[in-house]
Structure formats: structure tokens, C-alpha cells
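Right, one structure below, let's go through it.
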Amino acid sequence: MDQEPYDILSMGPLELSALFTELQEPRFRGQQLFEWIWRHQAQSYKELTVWPKILQQKMTDLAPFSRVQAIHTQVATDSTTKLLLRLDDGNQVETVLLPHPYGYSVCVSSQVGCNMGCHFCASGILGRKRNLTAGELLDQVGYAQKILASRGDHVSRVDLMGIGEPLDNYQAMVKFIRLLHEPRGLGLSYRHMTVSTSGLVPAIYRLADEGIPVTLAVSLHAPTDALRLALMPVNKAYPLDKLMPACRYYSETTGRRVTFEYLMLDGINDSPVIADQLVQLLRGFPCHVNLIPWNPVDEHPFQPSPMNRVRRFLQIVQEHGISCTIRKELGQEIDAACGQLRRREEEILR
Ligand code: SF4
């Protein structure tokens with residue numbers, strides 16, 4: 001039987017060390033390889049100049065790996081950078097670099113497409129093609145790191161907020177988080193990572209117990225089941241009386257404040273009455289509410305809330321002692337809504 005190809009990019013230092021033992025090579029080569037791929041961004045074994053040429057060739061033959069390639073790059077005037085990256089099998093994902101006062105965050109995609117079908121989202125339109133591997137997740141950060149290094153900067157935060165539902169790709173996601181934290185690689189603190197979810201309740205409990213205290217960002221978008229169900233089909237399986245206890249459990253177990261994402265949709269979920277309902281739902285919960293100005297998507301009928309209504313909503317929530325901010329819009333002149341770049345490219349290719 002043919003041996004499964006080694007997925008080198010999804011392996012941590014210990015797995016790579018075990019692989020080198022299996023290949024009758026010194027164990028320390030595994031750690032060396034991990035460092036060269038993730039710290040020095042090596043694109044092939046030939047760049048491991050600390051290795052004898054014979055070992056470079058042996059590994060090229062036995063365990064080839066290829067890294068993501070950018071097929072489209074858009075840079076906005078504020079330096080927000082949107083990348084369309086090609087994976088080894090030709091599928092494409094979007095990755096976005098966002099400038100903040102503290103440094104750059106990288107928004108990573110977790111799946112090719114998405115099955116959650118949120119009615120306001122560009123990414124759900126094409127459906128999910130497949131999950132990404134831990135290595136493909138990590139390589140999006142690796143690519144971003146390479147770009148930032150050329151600007152004399154580095155990745156400060158990673159947010160699993162791009163295309164896909166990260167908790168629907170659970171094992172690869174958790175492995176990615178651990179690999180991203182690995183000191184011999186990119187070495188990012190768990191506190192500088194955010195996992196976003198549409199609200200997959202069982203996976204929220206599971207993540208709380210993993211011992212990796214990342215920030216959980218829940219796409220809430222509505223304070224009642226009727227309204228949320230009209231926006232997000234996931235609310236049928238996991239209504240608010242199941243979702244909110246899971247969020248509380250996450251917060252209590254990890255000691256991290258949960259973030260609730262709230263898209264501001266004109267005339268849908270942005271009235272003062274709805275702001276009061278949100279206050280009732282979140283009262284006494286150690287959380288943060290992030291109000292997100294809506295980026296119109298051609299296929300969806302929603303319109304952005306006028307700014308005066310967003311500010312009124314903010315005021316009501318804040319008056320009740322709930323931490324709440326309006327998300328700053330970055331890279332406005334490029335295809336800003338998640339999934340737009342990939343869909344545009346696929347339309348061109350059709
Ligand atoms: S908002 Fe997120 S979970 Fe919902 S369809 Fe889009 S990518 Fe999927």
C-alpha cells in the first residue's frame with residue numbers, strides 16, 4: 001500500500017523529531033526543520049543550508065511540501081492588505097493584514113467556503129468545499145509574516161475571522177493554535193489570538209476545556225431568537241438559551257472576556273428597542289460588544305445603518321455599563337467584505 005504523503009506543514013517539533021527518528025536521521029533535525037519553516041520562512045529543503053545536501057535531497061524526495069502562493073494582492077492606502085492565496089490543490093482562500101496602533105493583525109480563513117449560510121455573508125454563497133489543514137492555516141500567517149518582515153514589522157495578533165466557521169474545522173483549528181503558539185516557530189501568545197464562531201455550542205464547551213485561553217468572538221447580531229434566526233440559520237440548532245450559557249462557561253473556564261460581534265443592518269437590528277433587548281441579554285456578563293458597520297454585498301439586500309443610529313445604539317449599550325465600541329473600518333477602498341475577493345476571482349475564471 002502507498003504511504004500517505006507526509007503533511008510536513010501541519011507537524012509540530014515533536015512530530016517532526018519522531019519522523020526523523022523513523023527515517024533514521026538525528027531527532028534534532030525535526031526541530032531544526034520546524035524553525036526553518038516557521039521562523040525563517042524556508043520555501044524548500046534547499047534553503048536549509050545547515051543541512052548536508054544529501055539530506056536536503058532525501059527529504060525533497062520523501063516528504064515534499066509546498067507553501068501558499070499569492071495570486072492576488074490588494075493594498076489600501078491605510079496599508080490594509082488583502083491576499084488571495086492559492087493552496088496546493090488549486091483552491092483559494094483570503095487572508096487579510098490589518099494595521100492597528102499596536103501592530104498588525106492577520107485575519108485567517110479556516111475553510112474553503114462555508115456551510116453556515118449566514119444571510120448577510122458573501123462567503124456562504126459558494127458553500128464549503130473543504131476544511132483547511134493546520135499547516136494551511138499556519139501558512140497564511142507565515143505568508144503574512146513574510147510580507148510584514150519586508151516592511152520591518154511582524155504579526156502581532158491572529159484572528160480566525162476569515163472565510164469559514166473555525167469550530168466546524170475543530171481539530172485542525174486547535175492544532176493550528178498550538179503550532180502558532182510554539183516558541184520555536186511564530187511564538188504567538190494565546191492572548192493574541194481570537195477564534196470567531198457563529199455559535200456552535202458543543203464546540204464552544206470543548207474549546208473552553210482545551211487549556212488554550214484564546215479570545216472567543218461570537219457572531220451575535222441579534223438579541224432575540226426570532227431576529228437571529230432570520231439572519232443566521234445556526235440559531236435553529238443553537239438558540240440563545242443554549243448559546244449564552246456556553247459563552248458564560250467559556251468565560252468562567254478561561255478567565256477571558258467574550259466578545260460579541262454585532263453587524264449594524266439598517267432597519268433590521270439597529271433600533272433603540274433592540275439595543276435595550278441586547279442590554280437585557282448581556283446584563284452582568286463580562287463581555288465586550290463590537291458594533292460592525294455593514295459592508296454591502298451585491299447578492300444581499302441589507303443596507304448599512306446610518307452612523308447616527310449606530311452611535312445611538314452604542315450609547316444605549318454603554319449607558320448600562322456594557323463595554324461596547326464601533327469597529328473602525330479599514331481598507332475601505334478594496335474588496336472589504338469577507339469572501340468578495342475569492343468570489344470575484346472565481347467569477348473571472350468561470
Ligand atoms: S459569517 Fe462566517 S460562519 Fe457565517 S457564512 Fe460567513 S464565513 Fe460562514
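When a ligand or atom number is given, it counts from 1 through the structure's own listing order. Note that the structure is a prediction, hence the values are computed from the model and not measured.
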N/O/S from Cys114 sitting under 2.8 Å away from atom 4 (Fe) of ligand 1: no
Beyond-backbone contact of Lys82 with His72, side-chain heavy atoms, under 4.5 angstrom: no
Under 4.0 Å to a heavy atom of Gly117 - the qualifying atoms of ligand 1, by number: 5 (S)
Nearest candidate to atom 1 (S) of ligand 1, where distance is taken over non-hydrogen atoms, out of Cys121, Gly164, Ser198, Gly127: Cys121
Side-chain heavy-atom pair Tyr45, Leu33 within 4.5 angstrom cut-off: yes
Beyond-backbone contact of Leu160 with Thr194, side-chain heavy atoms, under 4.5 angstrom: no
Ring pair (Phe, Tyr, Trp, His ring centres under 6.0 Å) contacts touching residues 74-120 (sequence neighbours left out): His100-Tyr102, Phe120-His221
